[in-house]
Amino acid sequence: MGKKSYQNYGKTFRKPKRPFEKERLDAEMKIIGEYGLKNKREVWRVQYALAKIRTAARTLLTLEEKSEKRIFEGEALLRRMTRLRPLAGE
């Protein structure tokens, strides 16, 4: 019997490359105050999730328009975006 691993798999957020960039710090503080977030990690987590969605959309746009993969994964991506609410009203 092997050891049981209790580690989580996959990243949930990404730290900024420049930790003391004034414009970014001010924008993050404004977002935290506006939405009542607990810490910067919550801001980074949402930014990371949106970045993953954008990269998936970019790779799907490079495929042919009638491709089965583009149609299937594109619909799944739109469903995920409506569930996460960036496309709530559309």
Side-chain angles (χ1 to χ4, degrees):
M1 304 279 295
K3 271 187 156 177
K4 190 164 187 174
S5 176
Y6 293 102
Q7 291 180 346
N8 291 329
Y9 295 105
K11 291 187 144 217
T12 56
F13 70 95
R14 183 178 5 175
K15 290 181 182 178
K17 289 182 181 178
R18 295 182 179 149
F20 300 111
E21 192 174 22
K22 181 160 178 43
E23 295 84 24
R24 184 189 47 78
L25 289 173
D26 293 340
E28 286 175 351
M29 287 304 292
K30 185 176 178 184
I31 291 171
I32 287 172
E34 185 176 343
Y35 295 104
L37 302 177
K38 186 170 78 171
N39 52 27
K40 299 275 182 87
R41 190 177 303 144
E42 291 182 347
V43 176
W44 299 337
R45 183 174 63 202
V46 172
Q47 287 176 346
Y48 187 61
L50 290 175
K52 287 199 295 189
I53 289 173
R54 278 196 312 270
T55 55
R58 270 190 230 113
T59 57
L60 287 178
L61 285 174
T62 60
L63 300 175
E64 292 183 23
E65 195 168 328
K66 302 290 183 187
S67 172
E68 291 181 16
K69 182 178 179 181
R70 179 175 173 167
I71 294 169
F72 182 74
E73 290 185 10
E75 290 174 358
L77 189 64
L78 287 174
R79 276 195 308 272
R80 188 183 331 155
M81 289 173 64
T82 53
R83 190 182 65 213
L84 293 175
R85 298 293 177 148
L87 289 180
E90 296 158 15

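Both backbone and side-chain heavy atoms feed into the values below; hydrogens, waters and symmetry mates do not. Because the structure is predicted, anything quoted here is derived from the model rather than measured.
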(message) Assigning hydrophobic clusters by single linkage (Ile, Leu, Val, Met, Phe, Trp, Tyr; side-chain heavy-atom cutoff under 4.5 Å), is Leu61 placed with Leu63?
(response) no
(message) Is there a continuous path of hydrophobic side-chain contacts, each under 4.5 Å between heavy atoms, that joins Leu60 to Leu50?
(response) no
(request) I would like to know whether Leu37 and Val46 meet side chain to side chain contact (heavy atoms under 4.5 Å, CB included); could you show each step before the answer? (result) CA-CA 11 Å; Leu37 302 177; Val46 172; over 6 Å; no
So how far is it from [X] [atom1] to [Y] [atom2], rounded to the nearest 0.5 Å?
| X | Y | atom1 | atom2 | answer |
| --- | --- | --- | --- | --- |
| Leu25 | Lys40 | CG | NZ | 4.5 Å |
| Arg79 | Thr82 | CZ | OG1 | 8.5 Å |
| Glu28 | Ile31 | CD | CD1 | 7.0 Å |
| Asn39 | Trp44 | CG | CH2 | 8.5 Å |
| Gln47 | Arg14 | CD | CZ | 9.5 Å |

(request) Carefully, step by step, assess Thr55 and Arg58 under the rule side chain to side chain contact (heavy atoms under 4.5 Å, CB included). (result) CA-CA 5 Å; Thr55 55; Arg58 270 190 230 113; 3.6 Å; yes
(request) Determine the sole option in Ile71, Leu77, Leu78 for which the side chain to side chain contact (heavy atoms under 4.5 Å, CB included) test with Glu75 is passed. (result) Ile71
(message) Determine whether Arg70 and Glu65 satisfy the following criterion, side chain to side chain contact (heavy atoms under 4.5 Å, CB included), listing intermediate values before the conclusion.
(response) CA-CA 7 Å; Arg70 179 175 173 167; Glu65 195 168 328; 4.3 Å; yes
(request) Would you name the heavy atoms of Arg45 and Thr12 that are closest together and state the gap between them? (result) CG-O, 3.3 Å
(message) Counting only heavy atoms not in Phe13 (residues, nucleotides, ligands), do more than 12 fall under 6.0 Å from its CZ?
(response) yes
(message) Between Asp26 and Lys22, does any NZ, NE, NH1 or NH2 come within less than 4.0 Å of an OD or OE carboxylate oxygen?
(response)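 Here Lys22 pairs with Asp26 in a salt bridge, since their nearest N and O are under 4.0 Å apart.
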(message) Under a 3.5 Å distance rule, please check whether Arg24 uses its side chain to pair with a backbone N or O of Pro19 as donor and acceptor.
(response) yes
